[in-house]
J.: 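Provided herewith is a single structure, encoded as structure tokens, for subsequent inquiry.
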Number of protein chains: 2
Amino acid sequence: MIRVRQLEVLCAVIDLGTTSGAAEALSVSQPAVSNMIRHIEDLVGFPLFKREKGRLTPTPEALHIAQEAQHLFSQQKRVDRIIDQLRGGTVGQLNVIATPSIGYALLPRMIAEFTRSRPRVQLSLEVGSVDEIIQHLISGRADLGFSITSPRHSALSVRPMAAGDMVCACPPDHELAHARSINLLDLNHVRHISYGSGTPLGQMIDEVYSRHGTERRYFCEVRHTSTALEMVAAGAGVALVDSFALMGRARQDVSVRAIQPALSVTLHGVTSNLYPTSHVALQFQEFMREALSDPELPHRVEIT
Amino acid sequence: MIRVRQLEVLCAVIDLGTTSGAAEALSVSQPAVSNMIRHIEDLVGFPLFKREKGRLTPTPEALHIAQEAQHLFSQQKRVDRIIDQLRGGTVGQLNVIATPSIGYALLPRMIAEFTRSRPRVQLSLEVGSVDEIIQHLISGRADLGFSITSPRHSALSVRPMAAGDMVCACPPDHELAHARSINLLDLNHVRHISYGSGTPLGQMIDEVYSRHGTERRYFCEVRHTSTALEMVAAGAGVALVDSFALMGRARQDVSVRAIQPALSVTLHGVTSNLYPTSHVALQFQEFMREALSDPELPHRVEIT
DNA sequence: CATGGGGAATAACTTTCTATTATTTGTCTT
DNA sequence: AAGACAAATAATAGAAAGTTATTCCCCATG
């Protein structure tokens, strides 16, 4: 089987007309070219050049081969270009699935920024429950998941990406907006939005209440912190939300206050062990980790 | 620039699943493959396989590269084949691919006749679907294609070669063999063989039926008119076939009748614009066109 | 006519790539 | 625990492609 390199040399000699010219064009020495031509002729079994008066003139066969070789070169360049794109992560597929608090505001922004320099990445962003995240990852429909509650599944790899806190979001004109710090138990005294006792978030909060011998009382139950946040923004009341839900949106319509006691949450990146994780997916995960750990970034929520 | 050899090894490992399998297939030792993979990964800068439990699983990137590499391989083979032909002193090459109705009976006869006066032409005849015809032509594996349904591809040149009709083929002792003319809708009343509604032929026939507010009913579905014809010859029933499928065979075992309404079909010759079409290929195309337009030729089907 | 210059070929190595044998490591099976 | 199978590692051999230095050939020119 003839090698690409051999065809390259052949074509160079045909194009440039002399071995020395071809050698210069290929940045090799003249004897290298000369030997190669001789070698190819041995290989194919018929002369590729007529040697006359110390000059080389290509035979019709050589011209024919050179013509056909062009397609081969372009295919090789094409593969090379694709590898280059894969290396830069500018090509590929990235299917992300995340829980609502991350998926509604933070992730769209992150993805927008990430893909600005990678125009040829095929994207999808899905929002779903932890169970759906697990299903999408183990079935291979998603490459990368993000979740606050860490999914427990042996086929999944979970790694902590960033630390956050539960904070209190309230309308700017709300009485609590002026308090320095808000005790979690005080929420029982205002109309507020909270989460079902069956959800991980609800359980986390319930635990604090039960430690103090009281019970949580709220006027509206929602499932996602992002939903709660929308209601707060609409002036319906106050709510506890994780700080990730607040990231990535410029909100003049909600004030944010720290709570006592502090409740910390962690954003987890999740991948499947059943399939190799693509290069773009790993790049995006790293991109997220860095962006979230950078305190200068505008995604960051400052809690006044 | 990545080498063809490296891609060969990569693809072999992906295809065979193991380095040892790939090594065997490539007739080299297992460490050669192992080292090569490592080397390529260093070269491209990202992992191509996930190593887990002593096994290799290709990453999406590796699969992507392998996919693209196929074109490179076929181009290399093409150049190699051309060198081979130049070496062997063959005057020309003629690689034909056609759909079954043409490729099974008509083409073999045509090629036999054509090459009678051209003993030094290297031949190949392939039968395939329209998609395969397209693939063979744009990859350069075939020089000339023949198809009833005109392939739609910007890199291909299609030209009409001959006009034909759909006709009814029936066993000589069949009741319809004595009818002067057969109405298409009458076929519903006899056991007949027909084509899937997904095929161009099936759609063409369905259209007539739906224009008359009825539906086609047949007891046996086949893909190719040549298959249908064999079944008719075996006495299984009647079938609509294109007149090209009948050409080139002396069939005492089938009677042919025209149908109402007439359904005309066209035989198309197809060449690729990506490569210059060889002189023999053009000659053969012209030979076909003339042979098919000559009413005196025995290929012609007389419809009684 | 000898002479020098451009181009191709030859000789003798070196480097790089590819492949080999032998051995080790890890995992799963029995 | 033993065996089987897959992959990795080490040390090295062989082929492919390239190097420098030199020679050969043609011919244009003073």
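This structure is a prediction, so every number in the text was calculated from the model and none was measured. Here is the naming used below: chain letters follow the sequence lines, and residue numbers restart at 1 for every chain.
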J.: Is it the case that the side chain of A:Ser129 and the backbone of A:Glu132 share a donor-acceptor pair, with hydrogens and angles ignored and the cut-off at 3.5 Å?
T.: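 The answer is yes, because a donor-acceptor pair under 3.5 Å joins these two groups.
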
J.: D:dA8, OP1 or OP2 - any side-chain N/O from B:Arg51 closer than 4.0 Å?
T.: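 The answer is yes; a side-chain N or O of B:Arg51 sits under 4.0 Å from OP1 or OP2.
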
J.: A:Ile2 has an atom CD1; how far is it from atom C1' of D:dA17, in whole Å?
T.: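 Roughly 15 Å, once rounded to whole Å.
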
J.: Let me have a per-nucleotide readout for nucleotides 17-30 of chain C, 5' to 3', with B, S or -, counting only protein heavy atoms under 4.0 Å.
T.: SSSBBB----SS--

J.: Hey, can you pull the residues of residues 57-65 of chain A with a non-hydrogen atom under 4.0 angstrom from DNA chain C?
T.: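 Nothing qualifies; none.
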
J.: If we count only N and O atoms by modelled type, under 3.5 Å, do the side chains of A:Ser197 and A:Asp206 hold a donor and an acceptor together?
T.: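 Side-chain D/A pair, A:Ser197 to A:Asp206: present.
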
J.: Grab the CD-P distance between A:Glu41 and C:dA8 for me, whole Å please.
T.: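 Going from CD in A:Glu41 over to P in C:dA8 covers 13 Å.
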
J.: Does the gap between the ring centers of A:His71 and B:Tyr275 come in under 6.0 Å?
T.: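 Distance test on ring centres: under 6.0 Å, yes.
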
J.: Taking B:Ser34's backbone N and O only, do any of them form a donor-acceptor pair with B:Arg38's side chain (distance below 3.5 Å, no angle check)?
T.: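 The answer is no, because no donor-acceptor pair under 3.5 Å joins these two groups.
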
J.: Salt bridge check: are A:Arg55 and A:Glu52 linked by an N-O gap of less than 4.0 Å?
T.: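 So A:Arg55 does not pair with A:Glu52 through a salt bridge.
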
J.: Output the rounded distance in Å from NZ (B:Lys50) to P (D:dA7).
T.: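 Those two atoms, NZ and P, are 14 Å apart.
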
J.: Please determine whether the number of non-hydrogen atoms from other residues, nucleotides or ligands lying under 6.0 Å from atom CZ of A:Arg223 exceeds 12.
T.: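 It does not: A:Arg223 CZ has 12 such atoms or fewer within range.
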
J.: Hey, are A:Asp143 and A:Ser278 close enough side-chain-wise for a donor-acceptor pair under 3.5 Å?
T.: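 Checked: A:Ser278/A:Asp143 side chains show no N/O donor-acceptor pair below 3.5 Å.
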
J.: Would you mind classifying the nucleic acid contact of A:Ser20 as base, sugar-phosphate or nothing, using non-hydrogen atoms under 4.0 angstrom?
T.: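 Sugar-phosphate contact only.
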
J.: Taking only the side-chain nitrogens and oxygens of A:Ser34, find out if one of them lies under 4.0 Å from OP1 or OP2 of C:dA9.
T.: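 Affirmative; the distance criterion is met.
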
J.: Please determine whether a side-chain nitrogen or oxygen atom of B:Thr19 lies at a distance below 4.0 Å from atom OP1 or OP2 of D:dA7.
T.: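 Yes, B:Thr19 has a side-chain N/O under 4.0 Å of OP1/OP2 on D:dA7.
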
J.: Report the residues that fulfil salt bridge (Lys or Arg N to Asp or Glu O under 4.0 Å) with B:Arg3, sequence neighbours left out, ordered by chain and then residue number.
T.: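 With neighbours one apart ignored, the set is empty.
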
J.: In this structure, how many angstroms lie between the P atom of D:dC26 and the CG atom of A:Leu56, rounded?
T.: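 The distance from CG of A:Leu56 to P of D:dC26 comes to 14 Å, rounded to the nearest Å.
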
J.: Between D:dA16 atom P and A:Ile37 atom CD1, what is the distance in whole Å?
T.: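 About 17 Å, once rounded to whole Å.
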
J.: Does one side chain, of A:Ser264 or A:Asp165, offer a donor that lies under 3.5 Å from an acceptor on the other?
T.: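 Distance-only check fails for A:Ser264 and A:Asp165.
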
